[in-house]
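Beneath this line is the structure, given in structure tokens, with notes to follow.
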Amino acid sequence: MPEPLAPELFRSRSTPALARALLGKWLVRVSPDGVVHRHRIVEVEAYHGGADRACHANRGKTARTSVMFEPGGVWYVYLCYGMHEMLNLVTGPAEFPAAVLIRGVEGISGPGRVTKALAVGRALNGAAAAPASGLYLADDGLRVPRALIRATPRIGVDYAGPVWAAKPWRFFYDPSELVVRPGRRRARSGNTPA
DNA sequence: TACTCGATCGGA
DNA sequence: CCGATCGAGTAA
């Protein structure tokens, strides 16, 4: 059974490290009728602090970005291009504006498609990433091997200038690479076939 | 109050 | 390649 991630995790590490750590975790959505859907996170981006020119909080605390200054563990949802909701997890300690953009879950590529598929909108902006809000993160023990994780510059942030646009803070992996191959054996204890 | 421009997507 | 679509941010 996947367990909800503890909020302390979201405040402990730098945003790029945290973004990597979210790969392979479940994004769990509880629908209004109580049905629980789990989606494996496969692609994320890190936005790290007021100095990061790609980060919305680069120009300081405003009505929209104030949620990014909260302690890690709440959602930051905003409207992009007038029609797409973007889902971010606020990270870091209080007053350090940072977040991880959820760009893709297994079977769904693109941040706008993720929110559309999960019915996530700005009503969740500022809500806790906890079961009570109906949208949270969970861990079933899967560890994505470091070697499978690829890092590239973030998408659509050329406005940030060459230095910040080039930061390799987009992380993703191909979940099909996790499949156990013939001739190899998953290293787990117990239930060894006779 | 006017004006600009997106952390995107789907269709020519 | 281009248009959709709208609210935050900025300047005035």
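Note on naming: letters A, B, ... go to the chains in the order of the sequence lines (proteins, then strands), and numbering restarts at 1 for each one. Remember, it's a predicted structure, so these values are computed and weren't measured experimentally.
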Looking at A:Leu124 and A:Trp75, what are the two nearest heavy atoms and their distance?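 Scanning both residues, the minimum pair turns out to be O-CB, 3.6 Å.
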Provide, to the nearest angstrom, the distance between the [atom1] atom belonging to [X] and the [atom2] atom belonging to [N].
X: A:Tyr78; N: C:dG9; atom1: OH; atom2: P; answer: 12 Å
X: A:Arg59; N: C:dT10; atom1: CZ; atom2: P; answer: 6 Å
X: A:Leu87; N: B:dC9; atom1: CG; atom2: P; answer: 13 Å
X: A:Arg53; N: B:dG6; atom1: CZ; atom2: C1'; answer: 15 Å
X: A:Glu85; N: B:dT8; atom1: CD; atom2: P; answer: 14 Å
X: A:Met83; N: B:dA7; atom1: CE; atom2: C1'; answer: 15 Å
X: A:His84; N: B:dT8; atom1: NE2; atom2: P; answer: 9 Å
X: A:Asp158; N: B:dG6; atom1: CG; atom2: P; answer: 9 Å

Between A:Ile155 and A:Lys116, who's closer to the 5' end of DNA chain B by nearest nucleotide?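 Result: A:Ile155.
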Let's see if you get this right: which residues in residues 102-114 of chain A place a heavy atom under 4.0 Å from DNA chain B?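 The answer is A:Arg103, A:Gly110, A:Pro111, A:Gly112, A:Arg113.
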Under 3.5 Å, is there a donor-acceptor pair between the side chain of A:Arg154 and the main chain of A:Trp169?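 Answer holds: no.
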Any idea which of B:dT8, C:dG9, C:dG7 is nearest the A:Cys80 side chain?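 That would be B:dT8.
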Would you say the side chain of [Y] lies within less than 4.5 Å of the side chain of [X], judging by non-hydrogen atoms?
X: A:Val77; Y: A:Val67; answer: no
X: A:Val105; Y: A:Arg40; answer: no
X: A:Glu85; Y: A:Leu79; answer: yes

[X] side-chain N/O to [N] phosphate OP1/OP2 under 4.0 Å:
X: A:His56; N: C:dA8; answer: no
X: A:Thr62; N: C:dA8; answer: no
X: A:Arg64; N: C:dG7; answer: no
X: A:Tyr159; N: B:dA7; answer: yes

Under a 3.5 Å cut-off for both contacts, is C:dT5 paired Watson-Crick or G-U wobble with anything, and if yes, with which nucleotide?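 Check on C:dT5: unpaired, no WC or wobble geometry under 3.5 Å.
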With both distances kept under 3.5 Å, what pairs with B:dA7, Watson-Crick or G-U wobble?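 Pair assignment: B:dA7 / none.
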Determine the contact category for [X]: base if any of its heavy atoms lies under 4.0 Å from a base atom, sugar-phosphate if only primed atoms, P, OP1 or OP2 are that close, otherwise nothing.
X: A:Met86; answer: sugar-phosphate
X: A:Ala63; answer: sugar-phosphate
X: A:Arg170; answer: nothing

Point-to-point distance, once rounded to the nearest 0.5 Å, from CD of A:Glu3 to CG of A:Asp139: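 So the gap between those two atoms works out to 8.0 Å.
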hydrophobic_cluster_shared for A:Val120 and A:Met68, side chain cutoff 4.5 Å: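 No; tracing contacts between hydrophobic side chains, which count when under 4.5 Å, never links both residues.
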Is the aromatic ring of A:Tyr81 within stacking range of C:dA4, meaning centres under 5.5 angstrom and planes under 30 degrees?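 One would not call A:Tyr81 stacked on the C:dA4 base.
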Please determine if A:Arg64 forms a cation-pi arrangement with A:Tyr78, meaning its NZ or CZ atom is less than 6.0 Å from the six-membered ring centre and no more than 45° off the ring axis.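 That pair qualifies as a cation-pi contact.
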Gap in Å between the two P atoms, one belonging to C:dT5 and one to B:dA2, rounded: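 Here C:dT5 and B:dA2 have their P atoms 22 Å from each other.
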